[in-house]
Amino acid sequence: MRQQKFRPEDAPTLSPEVKVDTPREATAEERLHIDRPSLTDWLDLRLGWYGFVRKNLDEPMPAGVGWWQTLGNLLMTLLIFQFVTGFALAMYYSPSPEAAHASVKHITYAVTLGSFIRGLHAWGSSIIVITVVLHTLRVFFWGSYKKPREVTWIIGVIIFQVVLGFSFTGYLLPWDQRAYWATVVGTRIAATVPLIGHGLLVFIRGGEEVGALTLTRFFSFHVMLLPATLLVFKFLHLYLVRRHHIAGPVEPAKGAPVPFYPNQLFKDAIVLLFGVGLLIFLAIGFPPALEAIANPTGTDFSPRPEWYFLGLYELLKIMPSGWEVVATVIIPTGITIGMFALPWLDRSKSRHPGKRQWVMMMGMFIILLIGLMTLKGILETPPEHKATQVAENTQFHPVETAALTE
Amino acid sequence: MTNDLSTNDSIEISRRKMMGLVVGVINLGLIGSIVGPMVGFATAPLTVKRKQRWVELMDESMIQPGEVKEVNYSMRVVDGYHEIEQKYTVYLRRGEEDVICIDPACTHLGCRVKFQSEQHRFVCPCHGGVFDDQGNNKSGPPPKPLERHPVKIEAGKIWISREV
């Protein structure tokens, strides 16, 4: 083997303490890497593998960083789970009104582990929403969005929106009653946008009514556009997190920074164990239901959105006639713009919550509003249909196949 | 000598600028060549024209004055890439002299309203909107009356028309 001069940066150590400033004789272990290179040595020469690993595992964590900083890793892991289970489901799923419900039924009841894989995907979406909200709240309360991390925050807000987009588009895909009617109502919200509302509705639905083109559109967004968008912004987010490092506690804690590995990674692993464990428990213990196939007729079904959209759903109840645009457009858009602009709205130099009082008050008010509305929606059953009163009117369905004339 | 150098520099800079400009124009063209057709392709449903079509529902004698009936029917419609037998539901209300056809889609956010015969009203299960038995909005968030479809009675049969 050709002899080569040992370079200190090639040392495969992961320890930050070993710093070599001047060329020296290689140790016996280092000599081994040169004389009998392993696969990782081979990779290192071509990809800079050791540098990559060292940079990421030795990332300095400020003192005081701990369990709250595990949420990003949990979120990333759950998103990977979604990608894998989504890929698996797409092997059996067919996005057409004739086949969608049957294909999901087939996945759930006929395919080996189908109910489990679908359960992982369905419950995963809920746990992801909870995690992304907690992660965002942690950054908000810690004031970690301040200079120089403004763009990291903005990209995080975009990822938040993409996650909600995933939830909304994925909800329709089983094409059962719940999916269909939640989408009828959810897309109708677009029609309340002033001036362009109707055009927006038709664009989102692919027509005037929820139908075949709505399903293909939502499927296309769900498996193509949103994953690609998420991948790009996730990469940028991670890159910026590494570039600017993790923001420490609001008041610097005593103690020296510690490397990401093993301290923080250990905490991450524990949280992953519980997070993914909970996901598996829910997927097995509470497999997702599949209701009757979507039926545009009848007036007995009460549409309900997924629980994390219940806050908006309840807000719409208390808006007086003609003011629904406040709940459908103005409040959600205002909150989103506020989130994007937060690093500039919050002019305080300090990250301490006590020195960012109006931002904290505003944030707490919005969190409380969404929380209470969501709770109200969860606790409150929709106004009951009085079956006895409507029975006499629903018995008559004389024309199943009415004559068609121009 | 100094003058020659500065001249060369300015030539070099303008050449760089020119090449940069060409690269920029090509890139814009590339973006436009995919985004333009993409917008047209994705917004195609906005250009679809709908028209009114009549459908026979039932015998006139099957609904009495003052009565409200929920009626299911179907029509052949084009749903995107295929033609299907689309099912619909409407409410027929017979007055002393006329029959009106009320669409059950709540004018708030599209949930299906339910008729409560004792109270002679339609109630939306989603956000609690209330309409009278002619579909006029009475309370709750709905901003306008329920939509009505044109009705005609020919040879003892009730026909309605809807845009599909």
Heavy-atom pair of closest approach, residues [X] and [Y]:
X       : Y       : result
P141(B) : M319(A) : CB-O, 3.6 Å
E324(A) : P143(B) : OE2-CG, 3.6 Å
Y81(B)  : P97(A)  : OH-CD, 3.6 Å
H127(B) : L316(A) : NE2-CB, 3.6 Å
P296(A) : Q86(B)  : CG-NE2, 3.1 Å

Using atom types as modelled and distance alone, determine if a side-chain donor or acceptor of H108(B) lies under 3.5 Å from a backbone N or O of S321(A). no
Using atom types as modelled, flag every donor-acceptor pair under 3.5 Å from a side chain in residues 203-218 of chain A to any protein atom, sequence neighbours excluded.
unit_1, atom_1, unit_2, atom_2, d
R205(A), NE, T187(A), OG1, 2.8
R205(A), NH1, E208(A), O, 2.8
R205(A), NH2, V184(A), O, 2.9
R205(A), NH2, T187(A), OG1, 3.2
E208(A), OE1, H198(A), NE2, 3.0
E208(A), OE2, H198(A), NE2, 3.2
T214(A), OG1, R205(A), O, 2.7
T214(A), OG1, G211(A), N, 2.9
T214(A), OG1, G211(A), O, 3.4
T216(A), OG1, A212(A), O, 3.3
T216(A), OG1, L213(A), O, 3.1
R217(A), NH1, F203(A), O, 2.6
R217(A), NH1, A42(B), O, 3.1
R217(A), NH2, A42(B), O, 2.6

[X] atom [atom1], over 12 foreign heavy atoms within 6.0 Å:
X       : atom1 : answer
F160(A) : CZ    : yes
K144(B) : NZ    : no
W307(A) : CH2   : yes
F340(A) : CZ    : yes

Could you tell me the separation between the CD atom of E98(A) and the CG atom of D79(B), rounded to the nearest 0.5 Å?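 Reported to 0.5 Å precision, the distance equals 8.0 Å.
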Check against side chain to side chain contact (heavy atoms under 4.5 Å, CB included), V202(A) and V48(B): CA-CA 10 Å; V202(A) 174; V48(B) 173; over 6 Å; no
What part of V164(B) gets closer than 4.5 Å to chain A, counting heavy atoms only: side chain, backbone, both or neither? neither
Given A44(B), P45(B), C106(B), the one with more heavy-atom pairs under 4.5 angstrom with chain A than any other is P45(B)
Could you have a look at P104(B), C111(B), A105(B) and say which one has the most heavy-atom pairs with chain A under 4.5 angstrom? C111(B)
Close side-chain approach of F301(A) to P125(B), heavy-atom, < 4.5 Å: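 Not touching, per the 4.5 Å side-chain cut-off.
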Using the test ring pair (Phe, Tyr, Trp, His ring centres under 6.0 Å), find all partners of H222(A) that sit at least two apart in sequence or belong to another chain.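 Applying ring pair (Phe, Tyr, Trp, His ring centres under 6.0 Å) to H222(A) gives F166(A).
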Which residue in the set T297(A), T299(A), D300(A) passes side-chain contact (heavy atoms from CB on, under 4.5 Å) when paired with E70(B)? T299(A)
